There are 2 protein chains.
Amino acid sequence: MTGTERKRSGVWRKIRAVGVEDIKLWCTRRLPILKWAPAYNWRENLVPDAVSGVMLAIQQVTQGLAFAVLSSVHPVFGLYGSLFPVIIYAVFGTGRHVATGRSPFERLVPSANASFTTSNDSGVLGLSEFEMQKIGVAAAVSFLGGLIQVAMFLLHLGSATFLLTEPVISAMTTGAATHVVTSQVKYLLGMKMPYISGPLGFFHIYAYIFENIRSVQLEALLLSLLSIVVLVLVKELNEKFKRSIKVVLPIDLVLIIASSLACYYADMEYIYGLEVVGHIPEGIPSPRAPPMSVLPEVATEAFGVALVGYAASLALAQGSAKKFKYSVDENQELLANGLSNVIPSFFFCIPSAAAMGRTALLYSTGAKTQVACLISCTLILVVIYAVGPLLYWMPMCVLASIIVVGLKGMLMQFRDLKKYWNVDKVDWSIWVSTYVFTICFAANVGLLYGVVCTISVVIFRFSRVKTLNLKNMKEVDYKYKTEENCESLKQAQIISINNPLVFLNARKFHEDLIKIIQKDSTSTQAYEDINKCEQNALLCSLSNGSCCESLSQPCHEQRQALILDCSGLNFFDYTGVSMLLQIYMDCKSRHIDVLLAHCKASLIKAMQYGGNLDSENPIFFESVSSAISALQINRNYSKFSEQSEM
Amino acid sequence: MTGTERKRSGVWRKIRAVGVEDIKLWCTRRLPILKWAPAYNWRENLVPDAVSGVMLAIQQVTQGLAFAVLSSVHPVFGLYGSLFPVIIYAVFGTGRHVATGRSPFERLVPSANASFTTSNDSGVLGLSEFEMQKIGVAAAVSFLGGLIQVAMFLLHLGSATFLLTEPVISAMTTGAATHVVTSQVKYLLGMKMPYISGPLGFFHIYAYIFENIRSVQLEALLLSLLSIVVLVLVKELNEKFKRSIKVVLPIDLVLIIASSLACYYADMEYIYGLEVVGHIPEGIPSPRAPPMSVLPEVATEAFGVALVGYAASLALAQGSAKKFKYSVDENQELLANGLSNVIPSFFFCIPSAAAMGRTALLYSTGAKTQVACLISCTLILVVIYAVGPLLYWMPMCVLASIIVVGLKGMLMQFRDLKKYWNVDKVDWSIWVSTYVFTICFAANVGLLYGVVCTISVVIFRFSRVKTLNLKNMKEVDYKYKTEENCESLKQAQIISINNPLVFLNARKFHEDLIKIIQKDSTSTQAYEDINKCEQNALLCSLSNGSCCESLSQPCHEQRQALILDCSGLNFFDYTGVSMLLQIYMDCKSRHIDVLLAHCKASLIKAMQYGGNLDSENPIFFESVSSAISALQINRNYSKFSEQSEM
């Protein structure tokens with residue numbers, strides 16, 4: 001075996017070893033279930049997870065039905081939506097207490113004039129052709145939205161989520177919840193109402209309601225009020241006593257069963273004309289691709305679903321991670337969200353995202369891992385195959401009440417306003433304006449506005465912020481070490497640059513520095529007027545303390561010097577370097593030496609290229625002290641030469 | 001007179017005094033001519049200004065004609081465009097060497113299917129109705145673009161121009177110049193060509209030219225080549241000898257006269273079919289409002305004209321200000337640009353902006369003030385009233401050559417690329433991509449892309465940059481003053497925060513800080529394993545130097561402490577404060593004291609509101625030294641209490 005061969009085989013072995021290791025790592029990163037499932041602690045976690053799972057299943061069924069109605073598709077699709085995305089998220093997601101459900105989006109099924117592809121096989125599940133077309137559009141939105149999320153995952157855009165700040169997400173979700181509540185008002189009041197959408201649709205809906213206030217169905221209104229009161233009360237009690245009794249009362253389920261029974265026995269559908277859920281088909285349909293022809297038409301909606309859904313999910317996952325001290329991979333979350341939109345779209349699912357209410361339920365019932373979600377999925381399967389048809393009689397107004405009460409947590413985010421006001425007024429105004437935008441337009445518009453607004457605000461604040469720190473007398477914490485040199489440093493100022501020097505703050509930097517120089521030189525001149533050769537120590541940053549109080553001691557004229565400590569100058573761009581060079585030139589023309597300390601190699605290279613620097617005197621130094629000693633040597637030399645000239 | 005009355009009258013007097021002063025100040029700020037005109041130095045400046053004015057007039061006439069053709073309106077409107085905007089800019093503008101001319105925009109007159117209002121009075125200036133409709137659209141763009149600029153002035157958006165960085169403007173203007181050259185190729189080659197526009201139109205034009213290469217008119221091509229060679233050569237010579245002979249040879253004018261004469265005597269229009277300028281009407285038309293009905297259709301173009309025109313003008317004004325050491329008011333520039341678009345739009349003017357070629361001419365001919373521009377306007381009036389009709393025979397290919405050579409300076413900006421590459425690779429890529437976008441689409445798209453790209457880049461760089469500065473041993477420049485305390489400070493670290501703490505870098509800040517804490521605590525534990533009570537001095541930032549080398553000296557267990565010097569924390573937002581609070585809580589749970597020094601009042605208030613801080617031990621201190629002494633007292637106390645317990 002020659003040396004080359006040995007080397008080659010070694011490399012091969014390394015590649016193979018790295019390969020296996022890498023693939024393993026990659027798999028556990030991309031399929032987090034492989035990481036947590038083998039390590040699952042059956043004894044400790046199974047019981048709490050099972051209890052949580054049962055609770056979750058009940059909520060998933062009820063809210064699934066409700067939100068399907070909200071998206072104006074048939075309720076059975078809500079059941080599917082509580083099943084498939086949850087399984088996929090449990091496999092791919094990194095958040096442990098995140099229950100996926102409906103995306104916080106209202107208008108999914110476009111108005112009737114969207115060009116549907118007329119499909120002939122309408123007999124699926126025994127639903128009407130129109131129903132199938134509607135779910136087709138919703139599934140197409142889900143499909144495209146999921147694809148966008150997967151594309152974002154591939155582009156590693158998960159790391160860009162720091163742009164989604166808490167105030168923006170909070171305002172956006174509150175606004176979305178307000179929209180959802182608005183869309184349920186017609187069911188709560190039992191009114192017949194046309195579909196109103198578009199910008200400012202929010203206000204048109206309320207205007208319509210107030211105009212037609214006489215058509216309110218009193219039976220529905222009473223039932224809604226009753227349901228809401230019961231739900232709120234029982235949930236409050238559950239919250240209060242959940243420590244003593246581990247199992248909470250599934251009031252949603254109780255209410256649904258009770259109201260369905262009442263509706264059935266009193267025959268409310270016919271006597272009072274109460275709207276009910278109606279026929280729910282049994283079983284799971286065979287998969288079918290969403291209609292690809294409508295994809296271009298739903299692009300905007302899909303983008304909204306992708307971004308808003310991801311933002312909301314991530315916020316919940318991060319909240320859970322913070323509470324239970326584990327970490328969330330933002331990019332993996334994109335993949336999990338994307339896949340739990342793409343794959344279920346083949347099973348007639350509406351777009352999904354993590355649901356706040358269900359996630360909160362997992363917290364409160366003490367779930368430990370994603371197993372709770374998987375258990376709930378098994379139960380939902382039972383519902384789909386066995387219990388479904390019994391839901392026929394459930395009144396719509398009760399469903400609407402469940403939705404509204406389920407959004408309580410989101411709406412309660414209004415309380416955050418006080419917090420923002422006290423911490424940062426700017427963030428408060430961003431919250432308010434984002435909420436207004438979300439209300440007037442839609443969640444995606446609001447989110448976009450919020451992000452753009454946050455970025456603009458930070459840019460403008462950054463461009464106005466102090467860039468320099470003059471190490472002055474007041475800062476008595478430090479004293480310069482080489483005290484014996486201080487006489488020659490009377491005219492040297494040490495200025496530290498605190499920020500990156502980029503186009504945003506280059507001008508401010510220039511202004512700040514010129515101000516310091518001018519202040520310095522004017523006071524120097526003032527002193528010179530009084531005593532031509534008296535040194536000014538007012539602005540001398542180093543002469544404080546014990547050694548340099550011999551102000552009136554006669555001495556020769558000295559050049560001023562400026563030492564810029566660039567250790568805080570973390571990065572720069574062309575504008576910043578140009579500004580630095582311009583300052584150097586300005587100072588040169590005013591006979592001020594500029595010395596730079598702690599510069600990065602890239603900055604030195606850029607400055608050396610960018611301008612004709614003084615080749616005789618070096619201007620870059622490793623540290624402030626070496627700059628000072630260079631200055632001192634230089635001056636002693638000039639002093640010496642002056643003396644010898646004399 | 002009671003005290004209140006006296007006070008009131010005093011206030012009134014003050015208001016009145018302030019009022020007059022304010023109005024004066026406001027007037028000179030808004031009408032800079034009131035400032036410089038009374039102080040005009042007739043003796044020193046009039047001669048150079050007059051010489052420059054004559055030169056400028058010649059260039060204005062020739063390039064005015066040329067660029068009018070470029071905008072596909074009749075050449076006479078180019079003459080008007082060299083007159084009105086220049087006067088208005090001289091009154092309102094703050095740049096002294098800025099000659100306004102055509103906006104660096106190509107497609108101003110929309111394609112034929114734009115819905116024109118059919119006007120019946122077509123007899124104006126003896127031009128055809130179609131000509132009048134075309135200039136109407138161009139004037140409408142100018143009107144709306146100017147209104148947008150004035151609105152931006154009212155919103156004080158002039159201060160936002162730091163977003164327009166040099167690389168972006170350089171790339172955009174180079175791209176625009178490339179577009180203009182492309183649009184002139186058909187005249188240079190004497191080809192008949194349909195109007196090609198839209199995205200990627202640039203490439204379609206060249207594709208068309210190569211497909212129809214056989215239809216090139218050799219006479220036109222020869223004349224163009226000749227003109228270009230003469231122009232370039234003479235301009236180079238002018239540049240070379242401008243120091244010795246103050247008056248440059250107006251080669252543009254000579255060429256125009258020569259080619260017109262040649263064309264007239266050789267009757268080239270009929271013999272060779274050479275395209276000529278044609279009939280130019282005499283005199284100035286009476287003002288007429290631009291057609292308001294087309295405003296909605298030209299909104300996009302108007303926005304482009306407003307932003308691109310302003311960006312280009314400002315760049316030139318700032319360049320002039322930098323060269324001749326005066327300052328430019330960015331907001332006033334917006335007003336000046338806006339008005340020099342709005343008012344001339346009533347006189348059939350195409351959109352205007354500062355022209356690079358003409359501004360460079362003012363530099364090179366030694367103009368001192370705006371008087372040069374005003375003198376050139378008088379001369380242009382003479383041309384309009386007397387010389388105009390004589391221009392009939394000027395060949396279009398000569399005009400195109402003048403345009404192309406006039407853009408040499410802009411195209412030469414390609415040389416900047418090397419500079420950007422050496423200073424900042426990121427800015428280099430921004431330049432290249434902005435240029436590509438400008439070429440593929442239009443100048444406004446390129447500008448928008450460039451600004452968005454610059455902002456995103458700075459945001460991502462900012463979010464990845466080091467946020468902390470550990471004051472460590474290597475930084476030997478400073479030594480802590482209270483040397484006698486150092487024993488108790490072995491476990492205290494002083495960390496200075498260099499940046500604003502906002503959503504962009506909050507996470508990085510957390511990571512950096514956790515890294516420091518973990519490194520610290522692991523090494524502490526390692527030491528503790530060896531010698532349970534031995535202090536670790538490795539990470540102790542203060543114990544370097546002479547006093548604290550007694551490492552193995554026995555002592556009692558001490559809490560770690562973290563002193564954050566917030567003097568560099570210039571501003572914060574909600575996310576930043578949350579992160580700071582979270583760190584405080586984390587550290588508390590790890591038994592690490594966190595002390596904050598140099599905090600701003602707003603930060604203290606926000607943190608006190610945001611979290612339940614330790615009420616017993618204060619955590620905010622005026623300076624690092626007071627934090628250290630507090631720490632010391634606290635420890636001595638605890639040491640004391642421990643000892644007494646023992």
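Here the structure is a predicted model, which is why all the values come from computation and not from measurement. First the proteins, then the strands, lettered A, B, ... as listed; each starts at 1.
- Residues A:Val458 and B:Asp573 have side chains not in contact (no heavy-atom distance under 4.5 Å, counting atoms from C-beta outward).
- Heavy-atom distances place the side chain of B:Val577, and not its backbone, under 4.5 Å from chain A.
- No side-chain heavy atom of A:Trp428 sits less than 4.5 Å from a side-chain heavy atom of B:Tyr574.
- Counted within 6.0 Å of NZ on A:Lys418, heavy atoms from surrounding residues, nucleotides or ligands total 12 or fewer; the atom is thus considered open.
- A:Leu163 touches chain B through backbone and side chain together, each having a heavy atom under 4.5 Å away.
- Interface remark: B:Lys508 contributes no atoms to any contact with chain A (heavy atom separation under 4.5 Å).
- When all heavy atoms of A:Asp424 and B:Phe572 are compared, the closest pair comes out as OD2-O, 3.8 Å.
- For the set A:Gln582, A:Glu166, A:Arg461, A:Arg507, the entry with the most heavy-atom pairs within less than 4.5 Å of chain B is A:Arg461.
- Heavy-atom distances place no part of B:Ile430 under 4.5 Å from chain A, backbone and side chain included.
- Most heavy-atom pairs under 4.5 Å with chain A: of the set B:Thr165, B:Leu164, B:Asn422, this distinction falls to B:Asn422.
- Counting heavy-atom pairs closer than 4.5 Å to chain B, the top-ranked of the candidates A:Ile497, A:Val426, A:Ile455 is A:Ile455.
- Of the listed residues B:Thr575, B:Thr454, B:Val502, the one with more heavy-atom pairs under 4.5 angstrom with chain A than any other is B:Thr454.
- Put simply, OG on B:Ser602 and NZ on A:Lys425 are 9.5 Å apart, with the number rounded to the nearest 0.5 Å.
- A tilted orientation is assigned to the rings of B:Phe503 and A:Phe162, their planes being inclined by 30° to 60°.
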